[in-house]
Amino acid sequence: MTINLPGDCNEITKTPSSKWPEIDLPNAEMGKVCLRFAPEPNGGLHLGHSKAVLLNKYFVDKYEGRLIVRMDDTNPTKESTEFVDGILKDLKSLGICYDTLTYTSNYFDQLKDMAERLISEGKAYVDDTPVDQMRFERDKGIESKCRNNNVSENLELWKEMIAGSDRGVMCCVRGKLDFQNKNKCLRDPVYYRCNPVLHHRVGSKYKLYPTYDFAGPFVDNTEGITHVLWSNEYSDRDDQYHLIQEDMGFKKVYFYEFSRLSMVYTLMSKRKHLWFVQNGRVDGWDDPRLPTIQGMVRRGLKIEALIQFILEQYTKH
């Protein structure tokens, strides 16, 4: 097994194979594996992210594949260029050498076209149900009053959403999946929402943005991703992902699930870390009291030790 350490990306440190388990990636072909690490630029990376990206890198090295780092920038309310730069610094600190850096925002026009196509095919609809009521209906498996609107009605409201009109901002686009399924992730998930906030890369060009649930399957296919690695806390979204890909007419992407990294006496949440930073409870994202990558570096943790800690989890049962 090999792991890239900080410094020149061509410098590879080999570790004795007896120390690390050989982990196989199902349905992987040598030289054809393409993986992605897709953080949202809304905060710094923490120890949980290091587990995900190091595992991605392990499989890329093992199968002589490609690693794409994709900034999942679909929510301008929470994201910024500052966080993009911070994540790239975190990856450099971890010694992660990727093949390509992309952004979900690169595909906004194509995503918008796909949403319109699904609406035209009756696979999605525009819903103006208030958020709290929609949440209640999804929880109880109640069909939205807008679910059976005709295509022309949906397309008219879609145009209002694109324009960001007073009528449009009351609406969202939902996939027509299975509103009574026991898996609540299949109960007509939201694909698009209006948001008037300026985007850190595209400014005011768009008045609506895709959700992660909708953008992920589309961009994964467009970028040629073969396998998606995510923690088992998202396992209930497997069927949703595949149904959305099927509606889009794309081939199946394989999943590899790993256990979520949990720690005691600390918080593993970018949202909660952001609260501490914004309220001046810590010095910043590199405060040594935070389990962020830069916090750990500032605290004196060696990256080699962090890598060993993450990978040794796969030797223990």
Side-chain angles (χ1 to χ4, degrees), residues 36 38 40 70 72-75 104-105 107-162 164 167-195 206-223 225 228 230 233-255:
R36 49 81 160 171
E40 182 181 359
R70 181 196 310 152
D72 185 45
D73 54 348
T74 59
N75 186 354
T104 300
S105 55
Y107 305 95
F108 278 170
D109 284 337
Q110 294 162 268
L111 283 159
K112 190 156 61 71
D113 291 342
M114 175 56 75
E116 188 164 319
R117 196 194 90 186
L118 294 182
I119 293 171
S120 298
E121 294 175 353
K123 296 176 180 177
Y125 60 98
V126 180
D127 196 341
D128 63 356
T129 304
V131 174
D132 289 341
Q133 182 181 341
M134 185 185 301
R135 187 177 294 117
F136 174 81
E137 290 176 352
R138 287 193 69 188
D139 183 62
K140 301 300 181 183
I142 299 172
E143 179 177 354
S144 168
K145 60 180 175 58
C146 302
R147 197 173 198 266
N148 295 312
N149 287 351
N150 62 50
V151 171
S152 60
E153 289 178 285
N154 285 322
L155 288 175
E156 283 300 315
L157 288 175
W158 170 244
K159 291 177 182 178
E160 295 292 332
M161 289 183 65
I162 293 174
R167 181 76 178 96
V169 297
M170 299 170 61
C171 303
C172 68
V173 175
R174 297 177 67 180
K176 192 179 287 188
L177 298 186
D178 185 355
F179 71 91
Q180 288 186 328
N181 199 290
K182 291 182 179 179
N183 182 349
K184 295 180 181 181
C185 291
L186 298 181
R187 296 181 181 178
D188 293 6
V190 174
Y191 288 174
Y192 258 91
R193 292 189 180 95
C194 284
N195 191 337
Y206 304 97
K207 302 296 188 296
L208 75 173
Y209 295 91
T211 61
Y212 174 81
D213 291 337
F214 183 73
F218 180 89
V219 181
D220 286 343
N221 177 82
T222 304
E223 294 186 341
I225 303 302
V228 170
W230 57 21
E233 63 186 304
Y234 299 113
S235 60
D236 59 349
R237 296 184 179 272
D238 291 1
D239 290 341
Q240 180 201 77
Y241 182 104
H242 283 143
L243 280 177
I244 293 174
Q245 275 208 319
E246 185 178 320
D247 279 351
M248 291 178 174
F250 296 151
K251 65 180 182 179
K252 184 176 181 179
V253 171
Y254 298 103
F255 292 136

List in chain and number order the residues that pass side chain to side chain donor-acceptor pair (under 3.5 Å) with [X], two or more places apart in sequence or in another chain; answer none if no residue qualifies.
X      : value
Asp132 : Arg135
Glu143 : Asn148
Lys123 : Glu121

I'd like to check [X] versus [Y] (side-chain heavy atoms, cut-off strictly below 4.5 Å). Are they in contact?
X      : Y      : value
Ile225 : Arg70  : yes
Val219 : Arg36  : no
Asn195 : Asn75  : yes
Glu137 : Phe179 : no
Cys146 : Val126 : no

> Given the rule in the side chain to side chain donor-acceptor pair (under 3.5 Å) test, do Thr129 and Asp127 qualify, once you have shown the distances and angles that lead to the verdict?
Replying inline: CA-CA 6 Å; Thr129 304; Asp127 196 341; 2.5 Å; yes

Would you please name every residue forming a ring-ring contact (aromatic ring centres under 6.0 Å, His included) with [X], sequence neighbours left out?
X      : answer
Tyr254 : His227
Tyr107 : none
Tyr191 : Phe214
Phe250 : Phe218

Which heavy atom in [X] sits nearest to a heavy atom in [Y], and how many Å separate them?
X      : Y      : answer
Ser105 : Asp73  : OG-OD2, 2.6 Å
Val253 : His242 : O-NE2, 2.9 Å
Met134 : Cys172 : CE-SG, 3.5 Å

> Got a salt bridge between Lys184 and Asp139, using NZ or NE/NH1/NH2 to carboxylate O under 4.0 Å?
Replying inline: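 Yes, Lys184 and Asp139 are salt-bridged.
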
Give, for atom [atom1] of [X] and atom [atom2] of [Y], the distance between the pair rounded to the nearest 0.5 Å.
X      : Y      : atom1 : atom2 : answer
Glu40  : Tyr212 : CD    : OH    : 10.0 Å
Thr211 : Ile244 : OG1   : CD1   : 7.0 Å
Thr222 : Gln110 : OG1   : CD    : 5.5 Å
Asp178 : Arg187 : CG    : CZ    : 8.5 Å
Tyr241 : Asp213 : OH    : CG    : 11.0 Å
Met161 : Lys112 : CE    : NZ    : 11.5 Å

Any residue meeting side chain to side chain contact (heavy atoms under 4.5 Å, CB included) with [X], in chain and number order, not counting sequence neighbours:
X      : answer
Glu156 : Lys159
Arg167 : Asp128, Leu157, Glu160, Ser165, Met170, Cys171
Ala215 : Thr74, Thr104, Leu111, Pro210
Cys185 : Asn183, Asp236, Arg237, Gln240

> Hey, mind stepping through Arg174 and Arg138 against side-chain contact (heavy atoms from CB on, under 4.5 Å) and telling me if it holds?
Replying inline: CA-CA 12 Å; Arg174 297 177 67 180; Arg138 287 193 69 188; 3.4 Å; yes

> Under the criterion ring-ring contact (aromatic ring centres under 6.0 Å, His included), which of Trp158, Tyr209, Phe108, Tyr125 is the partner of Tyr192?
Replying inline: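 Answer after filtering Trp158, Tyr209, Phe108, Tyr125: Trp158.
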
>> Could you walk me through whether Met248 and Asn221 satisfy the side-chain contact (heavy atoms from CB on, under 4.5 Å) test, starting with their C-alpha distance in whole Å, then the side-chain angles of each, then the deciding distance to 0.1 Å, before giving a yes or no?
In response: CA-CA 10 Å; Met248 291 178 174; Asn221 177 82; over 6 Å; no

>> Filter on side-chain hydrogen bond (donor to acceptor under 3.5 Å, both in side chains), then keep only pairs touching residues 243-252, sequence neighbours left out; what's left?
In response: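 Qualifying pairs: none.
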
>> Testing the 3.5 Å rule here: is there a donor-acceptor pair between the side chains of Ser152 and Asn150?
In response: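 Indeed, the side chains of Ser152 and Asn150 share at least one donor-acceptor pair under 3.5 Å.
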
